[in-house]
Amino acid sequence: MQNNKKRNTPIATLIKNFVNKDSGKVSESRKEIRNRFPALDWKDQKKIISAFLDSCASDREWIYTRLLDYWDDNFAEQIKTLWEKYHEDKCAWVVIRFLPENYVKSQIGHFPGGRNYYFVCRRLAHNEDFQIERNKLSAIDYLSVIFYSGKNLSDNEATEIFYKIVCEECEKENMFIDMRHVGRGVFFALRDFAVISKALYYLESSNKTGVLETLEAWGENVAETIRLSEEYATLNKAPLSDYEYNDRLKSIAKSYIADSLGVECKENYMFLDARKRLEELERKNPVIDSLIDKLGLECVE
């Protein structure tokens, strides 16, 4: 019986047909190259990277993202030339990550918006002469940069940044969108929200033990207030899908968290020190009093 299964075209032929724009097989070769790229030998991948960088905008865009995993310094001059000619968004990602630090620093004003400045900071913040423009970063990104660059934060600044992170999340329309699934009757804690969990991880890894105790006390107080609330009890009785349940829970949490932070969060005032914050919460919820006594919390210096 005859086997009519199509055999793979040699990759050298595909590259040749792709590069030759008069071959009549550019589109067909492009599709096959993209499908086979991850499994090819490095010598063939390098030829493809160079060919795609020399091609049209859509081909360059496709290969820019692959370069993040398949970088070689031999592409540096080609990338620099393309960046200075087109200033394409995804090319900026490659420039920021791989080109020399002095060059990256010289191009800061040319990079597009979004989170590019965050990645610039991740690349350059270890240098003492690089000044981080904090107003260009979200609070969680700023904390991340400080953590990964090995810089130190005072306890007061660490506390301030944490509450700023929570405030920024409360101000988002889709606040705390990355929340792990919490089923009915499952213990609920503020660490269930990815951004809070990430912030606490950075502080824990930075040995901010005293700050963590204060923040954990605040978080437990808010979580306990939510768990004891009428809204939470009603939610657990409602005939909702898992998606609807978690969506409602996020809304309830947003309300109680924002309320616990008060006017500072709503109007972006300077943050109070942790002891004063806990005392404010105590007036709203006596549960916090036992936490203060139990932990022996003092004003964070």
Side-chain angles (χ1 to χ4, degrees), residues 60-71 73 75-76 79-80 82-84 86-180 190-191 193-208 211-212 215 265 268 270-271:
R60 293 196 301 271
E61 183 173 288
W62 186 83
I63 206 63
Y64 287 147
T65 57
R66 273 74 191 169
L67 268 173
L68 299 176
D69 294 317
Y70 295 92
W71 176 254
D73 286 341
F75 300 121
I79 286 296
K80 181 180 177 182
L82 289 171
W83 167 248
E84 293 179 356
Y86 298 113
H87 287 95
E88 294 165 314
D89 288 1
K90 291 183 180 179
C91 187
W93 303 353
V94 183
V95 172
I96 292 168
R97 183 174 296 189
F98 298 114
L99 291 199
E101 289 187 2
N102 285 339
Y103 183 75
V104 173
K105 191 173 182 179
S106 74
Q107 296 297 304
I108 289 177
H110 300 289
F111 294 131
R115 296 187 72 221
N116 281 304
Y117 185 69
Y118 164 71
F119 290 105
V120 168
C121 291
R122 283 284 303 271
R123 180 81 191 279
L124 302 178
H126 68 93
N127 294 316
E128 291 299 324
D129 62 341
F130 179 73
Q131 298 297 317
I132 299 171
E133 296 183 61
R134 183 174 169 180
N135 64 318
K136 291 185 178 181
L137 296 169
S138 68
I140 188 65
D141 278 352
Y142 179 69
L143 183 60
S144 173
V145 167
I146 294 298
F147 172 73
Y148 285 110
S149 65
K151 294 182 180 293
N152 293 319
L153 288 174
S154 69
D155 285 358
N156 272 342
E157 188 177 10
T159 304
E160 173 194 335
I161 292 170
F162 176 83
Y163 286 122
K164 178 66 174 175
I165 289 168
V166 178
C167 283
E168 287 182 355
E169 286 297 305
C170 286
E171 291 166 2
K172 293 179 181 178
E173 183 176 351
N174 294 319
M175 167 262 194
F176 297 140
I177 192 168
D178 294 322
M179 183 186 82
R180 78 171 182 85
L190 294 191
R191 277 185 180 266
F193 295 110
V195 69
I196 290 180
S197 180
K198 184 186 294 185
L200 293 175
Y201 165 78
Y202 289 147
L203 295 175
E204 185 175 23
S205 300
S206 302
N207 297 316
K208 292 294 180 183
V211 174
L212 277 170
L215 299 179
C265 185
N268 199 25
M270 182 66 70
F271 288 93

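Sequence positions, counted from 1, serve as the residue numbers for this chain.
- Looking at S144 and R122, their side chains come closer than 4.5 Å, going by heavy atoms from C-beta outward.
- In this structure, CG on L200 lies 6.5 Å from CG on L215, to the nearest 0.5 angstrom.
- Ion pairing between a basic and an acidic side chain is recognised when a charged N comes within 4.0 Å of a carboxylate O; E157 and R134 show such pairing.
- If you take CG on L82 and CD on E88, they are separated by 7.0 Å, rounding to the nearest 0.5 Å.
- Using a 4.5 Å heavy-atom cutoff, the side chains of Y64 and I79 are in contact.
- Residues passing the side-chain hydrogen bond (donor to acceptor under 3.5 Å, both in side chains) test with Q107, sequence neighbours excluded: W83.
- With rounding to the nearest 0.5 angstrom, the NZ atom of K90 is 12.5 Å from the CG atom of L67.
- The shortest distance between side-chain heavy atoms of H110 and H87 falls below 4.5 Å.
- Note that OG1 of T65 is 13.5 Å distant from CZ of R60, once rounded to the nearest 0.5 Å.
- Around the OH atom of Y148, the shell of radius 6.0 Å holds more than 12 heavy atoms that belong to other residues, nucleotides or ligands.
- In this structure, E169 contributes its side chain and V195 its backbone to no donor-acceptor pair below 3.5 Å.
- When F75, Y103, W71 are each tested for a ring-ring contact (aromatic ring centres under 6.0 Å, His included) with F98, only one passes: W71.
- At least one donor-acceptor pair under 3.5 Å links the side chain of T159 to the backbone N or O of D155.
- The line from OG of S206 to CG of L212 is 9.0 Å long, rounded to the nearest 0.5 Å.
- Residue K105 comes nearest to D129 through the heavy atom pair NZ-OD2, 3.5 Å, listed as atom of the first residue, atom of the second, then distance.
- The ring pair (Phe, Tyr, Trp, His ring centres under 6.0 Å) contacts involving residues 113-145 comprise nothing, where partners must be two or more places apart or lie in separate chains.
- Closest approach of G113 to N116, counting heavy atoms only: O-ND2, 3.0 Å.
- For A139 against E168, the heavy-atom pair with the smallest separation is N-OE1, 2.9 Å.
- Remark: the backbone N or O of Y202 is not paired with any side-chain donor or acceptor of S205 at under 3.5 angstrom.
- Not counting sequence neighbours, K151 has no partner by the side-chain hydrogen bond (donor to acceptor under 3.5 Å, both in side chains) test.
- In terms of heavy atoms, V104 sits closest to F111 at O-CE1, 3.7 Å.
- For the atom pair NZ (K136) and CZ (R115), the distance works out to 16.0 Å, reported to the nearest 0.5 Å.
- Two residues are said to be in side-chain contact when any heavy atoms from C-beta on lie closer than 4.5 Å; I146 and I132 meet this criterion.
- With a 4.5 Å cut-off on side-chain heavy atoms, F162 and L143 do not count as touching.
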